[in-house]
Structures are given as C-alpha cells and as structure tokens.
Amino acid sequence: MAWQKANEKYNQLIKQLFHNADWHKRADAARELGIMKDARSVNLLCRALRSEEEFMVQNRIIEALGRIGDSRATMRIIEILEEEADKHLSDKFRIIFIIEALSNLKDKRALVYIAPFLNSPDEELKTLAENAFDTIEPDWRLIMERELKRKSVEEIFKIKF
C-alpha cells in the first residue's frame with residue numbers, strides 16, 4: 001500500500017512540474033522529487049530542465065537531480081554550466097547549485113567542466129570546485145602533480161565518450 005501512495009505522489013509531482021502555471025509550485029514539485037530520490041524522475045527532470053524558462057525552477061531541478069545522484073543527468077547539467085559560462089555576467093549562486101549537483105552525481109565526465117573553477121578568483125567557487133574534485137576523484141592532486149608536467153588540466157581529466 002505504501003508504494004501506491006508514493007506512486008500517486010510521484011505522479012502528482014510530475015504533473016505539477018510540467019503543467020502548473022505557478023512557478024512556485026513547479027519549483028516545489030522539483031524539490032519534492034529530489035527529496036523522494038526516485039530515479040524514475042531523472043529523465044523527466046532533465047526534460048523539464050530543458051523546457052523550463054523560470055530561473056528558480058531550473059535551480060530547483062538542478063538541485064533535485066544532484067540529490068537523486070543518477071549520472072544520467074550529468075550532461076544536461078553540464079549544458080547549463082556551459083550556458084552560464086558563455087554569459088558575461090553569470091550567476092554565482094547558479095554555478096554553486098550546478099557544481100554541488102555535479103559533485104553529488106560523482107561522474108568523472110564533469111571534472112573537465114569543473115576544472116576552470118579551480119583557478120577562480122572567487123574563493124567560495126574555488127573551494128567548492130576543490131571539494132567537488134575531492135568527491136569525484138579523491139586522488140586528483142596526485143594525478144595533477146604527476147601529469148601536469150606533460151598535460152593541461154583539461155587533458156588530464158578529459159573523459160572519452
């Protein structure tokens with residue numbers, strides 16, 4: 001019986017995420033889906049992230065994907081990070097959400113995209129990037145020390161697709 005209630009709640013939240021006119025309710029639905037940590041929602045959250053125009057809802061979706069921790073979301077979150085990097089006035093808090101989510105996903109493909117923040121003039125972003133590297137690749141400092149003599153950071157952590 002409990003799974004039926006959870007399934008009803010899941011279906012209600014998905015419907016709310018895609019169809020509710022109030023962005024607050026869509027953001028709440030994304031947050032609740034993250035709290036549920038139901039891997040079924042990963043593809044739907046990624047689709048919602050692509051179509052959602054409200055900034056705060058996008059942040060809640062990114063946060064939810066990080067909480068769920070399924071690496072299927074990695075490349076979609078990286079697309080958002082690249083869009084932010086292309087902007088001249090990127091939002092620091094959005095970048096924080098993104099790096100934290102990528103850190104929770106623990107997908108090594110994200111390292112090359114997080115690497116530029118290791119040299120960030122902003123101490124908070126720099127520390128967050130270091131923590132993400134510690135989570136995803138605990139031996140990253142040794143790897144960099146050994147390999148930096150021959151390769152760039154991007155080449156070291158470049159993952160072949």
Nearest heavy atoms of [X] and [Y], plus distance in Å:
{"X": "A64", "Y": "A30", "answer": "CB-O, 3.1 Å"}
{"X": "S103", "Y": "A132", "answer": "OG-CA, 3.7 Å"}
{"X": "A101", "Y": "I62", "answer": "CB-O, 3.5 Å"}
{"X": "A29", "Y": "L17", "answer": "CB-N, 3.9 Å"}
{"X": "T74", "Y": "S71", "answer": "OG1-O, 2.9 Å"}
{"X": "N20", "Y": "D22", "answer": "OD1-N, 2.9 Å"}

Under a single-linkage definition using a 4.5 Å side-chain heavy-atom cutoff for Ile, Leu, Val, Met, Phe, Trp and Tyr, are [X] and [Y] assigned to the same hydrophobic cluster?
{"X": "F55", "Y": "V57", "answer": "no"}
{"X": "I35", "Y": "V42", "answer": "no"}
{"X": "L65", "Y": "F93", "answer": "yes"}

Would you compute the distance between atom [atom1] of [X] and atom [atom2] of [Y] and round it to the nearest 0.5 angstrom?
{"X": "I78", "Y": "L102", "atom1": "CD1", "atom2": "CG", "answer": "5.5 Å"}
{"X": "L13", "Y": "E32", "atom1": "CG", "atom2": "CD", "answer": "6.0 Å"}
{"X": "Y113", "Y": "D107", "atom1": "OH", "atom2": "CG", "answer": "10.5 Å"}
{"X": "K108", "Y": "E137", "atom1": "NZ", "atom2": "CD", "answer": "4.0 Å"}
{"X": "R109", "Y": "L111", "atom1": "CZ", "atom2": "CG", "answer": "11.0 Å"}
{"X": "I114", "Y": "S120", "atom1": "CD1", "atom2": "OG", "answer": "13.0 Å"}

Evaluate the side-chain proximity of [Y] to [X]: yes if any heavy-atom separation is below 4.5 Å, no if none is.
{"X": "I68", "Y": "D38", "value": "no"}
{"X": "E130", "Y": "W140", "value": "yes"}
{"X": "L128", "Y": "F117", "value": "no"}
{"X": "E100", "Y": "E63", "value": "no"}
{"X": "L45", "Y": "R50", "value": "no"}
{"X": "N119", "Y": "K126", "value": "no"}

Check ion pair E8-K5 (N to O, under 4.0 angstrom): no
Ionic contact status for R141 with D134, cut-off 4.0 Å: yes
Stepwise side chain to side chain donor-acceptor pair (under 3.5 Å) check, R76 with N43: CA-CA 10 Å; R76 182 64 196 123; N43 288 337; over 6 Å; no
Chi angles and distances behind the side chain to side chain contact (heavy atoms under 4.5 Å, CB included) call for R60, F97: CA-CA 9 Å; R60 293 295 164 258; F97 277 121; 3.4 Å; yes
Short side-chain donor-acceptor distance under 3.5 Å, N104 and R67: no
Distance-only donor-acceptor check, side chains N59 and R31, under 3.5 Å: no
Would a distance-only check, ignoring hydrogens and angles, find a side-chain to backbone donor-acceptor pair under 3.5 Å from [X] to [Y]?
{"X": "Q16", "Y": "K25", "answer": "yes"}
{"X": "N11", "Y": "N7", "answer": "yes"}
{"X": "D122", "Y": "L125", "answer": "yes"}

R47 to F18, cation-pi by 6.0 Å centre distance and 45° axis angle: yes
Residue from Q58, E52, E54 passing side chain to side chain donor-acceptor pair (under 3.5 Å) with R26: E52
